Amino acid sequence: MAQIPGIDVPDTRGRTGLDRAGRDLDGNPRVRVTDVELVATAWHVLRRTTFEYRRADGTWVTEARETYDRGNGATILLHDVARGTVLLSRQFRFPVYVNGHPDGMLLEAAAGLLDEDDAETAIRREAEEELGVVVGELEHVFDVWMSPGSVTERLHFYAAPYTAADRRAGGGGLAEKGEDIEVVELPFDEALRMVDDGRIADAKTIMLLQWAALRGPFAPGRR
């Protein structure tokens, strides 16, 4: 029998047993996982899981779902209340370009995958790599599943103050990772207007900006 990379033998990232994810879940008695098929494994993993599900009327049905596993991530809104600014990034995103964005150059909060780090370590790394800022005290905002119908990723949201003096490097991302990131500093009120007119159309960034306006550093009474 042929051995399958990612299951019986290591794939290009050295992983095996990728078909085991979800097989031992027991937190919901209405769900019984019966099979996990490895559909694709490149940098991330696509699985098709078959499970039995007990509906509200008590009947059991068999269903299948494809899930895209790219790991978990973190994102951060850097803000300077004294100057009324936020620090964002702009980079090319092919998935939005192929789905209707005019040029694929998306304006967004710094973010990245956790890889082997905890969320705080990862977002400090991303802020320095992408925006050139060494982050001090972090504020945890919330944790969110961004696309629960198909993507397993859980995104950890943070905010932190910065000043002009904290911008100790140019940012721009890592060339060896294929990153080509523009650092964009905006007045906070302008960033909100860009949400309204569609110039900012990234979900995590909109969520952080709205949090900042309603409950965060730019909320009434906090400026």
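Bear in mind that the values here come from a model prediction, so they are computed numbers and not experimental data. Values reported hereafter were calculated over all heavy atoms of this structure, with side chains retained and with hydrogens, waters and symmetry mates removed.
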List for me each residue that meets salt bridge (Lys or Arg N to Asp or Glu O under 4.0 Å) alongside Arg93, sequence neighbours excluded, and say none if there are none.
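Salt bridge (Lys or Arg N to Asp or Glu O under 4.0 Å) check on Arg93 returns Glu108.
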Looking at Trp43, I'd like to know if the NZ or CZ of Arg13 sits under 6.0 Å from its six-membered ring centre while staying within 45 degrees of the ring's axis.
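Yes - Arg13 lies over the ring of Trp43, closer than 6.0 Å to its centre and within 45° of its axis.
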What is the minimum heavy-atom distance between [X] and [Y], and which atoms define it?
X: Thr75; Y: Ala109; result: OG1-CB, 3.6 Å
X: Ser89; Y: Glu130; result: OG-OE1, 3.9 Å
X: Val141; Y: Ala159; result: CG2-N, 4.0 Å
X: Val151; Y: Arg70; result: CG1-CD, 4.3 Å
X: Ala110; Y: Leu131; result: CB-CD1, 3.7 Å
X: Ala160; Y: Glu137; result: CB-O, 3.5 Å

Hey, quick one: are [X] and [Y] part of the same hydrophobic cluster, counting side-chain heavy atoms closer than 4.5 Å, chains of contacts allowed?
X: Leu88; Y: Val81; answer: yes
X: Val184; Y: Leu192; answer: yes
X: Leu106; Y: Ile181; answer: no
X: Leu155; Y: Val96; answer: no
X: Phe51; Y: Trp60; answer: no

I need the full list of salt bridge (charged side-chain N to carboxylate O under 4.0 Å, His left out) pairs touching residues 38-51, with sequence neighbours left out, sorted by first then second residue.
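Those involving residues 38-51 are Glu37-Arg48, Arg47-Asp69, Arg48-Glu66.
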Check the orientation of Phe188 and Phe218. Use parallel for under 30°, tilted for 30 to 60°, and perpendicular for over 60°.
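The arrangement is parallel - the two ring planes meet at less than 30°.
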Is there side-chain contact between [X] and [Y], with at least one heavy-atom pair below 4.5 Å?
X: Arg124; Y: Asp117; result: no
X: His156; Y: Ile123; result: no
X: Leu186; Y: Leu107; result: yes

When rounded to the nearest 0.5 angstrom, what distance separates CD in Glu182 from CE in Met105?
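Between atom CD of Glu182 and atom CE of Met105 there are 7.0 Å.
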Roughly how far, to the nearest 0.5 Å, is the CD1 atom of Ile200 from the CZ atom of Arg193?
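Those atoms lie 11.0 Å apart.
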Could you list all the side-chain hydrogen bond (donor to acceptor under 3.5 Å, both in side chains) pairs where at least one residue sits in residues 205-219, not counting sequence neighbours?
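Non-adjacent pairs meeting side-chain hydrogen bond (donor to acceptor under 3.5 Å, both in side chains): Asp202-Thr205.
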Holding to side chain to side chain contact (heavy atoms under 4.5 Å, CB included), I want the full list of residues that pass it with [X], two or more places apart in sequence or in another chain.
X: Asp118; answer: Glu120, Thr121
X: Thr16; answer: Pro10
X: Val144; answer: Phe142, Met146, Phe157, Met207

Contacts of type side chain to side chain donor-acceptor pair (under 3.5 Å), residue Glu63, not counting sequence neighbours
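With neighbours one apart ignored, the set is Arg65.
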Quick one: hydrophobic cluster around Leu38, which other residues, with the 4.5 Å side-chain cut-off, linked directly or via members?
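Grouped by the 4.5 Å side-chain rule, Ile4, Ile7, Leu18, Val45 form the rest of the cluster around Leu38.
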Enumerate the residue pairs fulfilling ring-ring contact (aromatic ring centres under 6.0 Å, His included) with a member in residues 92-114, sequence neighbours excluded, ordered by first and then second residue.
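Matches after skipping sequence neighbours: Phe92-Tyr97.
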Listed pairs under 3.5 Å, donor-acceptor, residues 25-32 side chains, sequence neighbours left out:
residue : atom : partner : partner atom : Å
Asn28   : OD1  : Arg30   : N            : 2.9
Arg30   : NE   : Arg54   : O            : 2.9
Arg30   : NH2  : Tyr53   : OH           : 3.0
Arg30   : NH2  : Arg54   : O            : 3.1
Arg32   : NE   : Glu52   : OE1          : 2.9
Arg32   : NH2  : Glu52   : OE1          : 2.8

Verify, without hydrogens or angle tests, whether Thr34 (side chain) and Thr50 (backbone) share a donor-acceptor contact under 3.5 angstrom.
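It does hold such a pair.
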For Tyr158, what residues pass the ring-ring contact (aromatic ring centres under 6.0 Å, His included) criterion, not counting sequence neighbours?
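For Tyr158, the residues satisfying ring-ring contact (aromatic ring centres under 6.0 Å, His included) (neighbours in sequence not counted) are His140.
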Can you sort out the partners of His44 under ring-ring contact (aromatic ring centres under 6.0 Å, His included), two or more places apart, ordered by chain and number?
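Tyr68.
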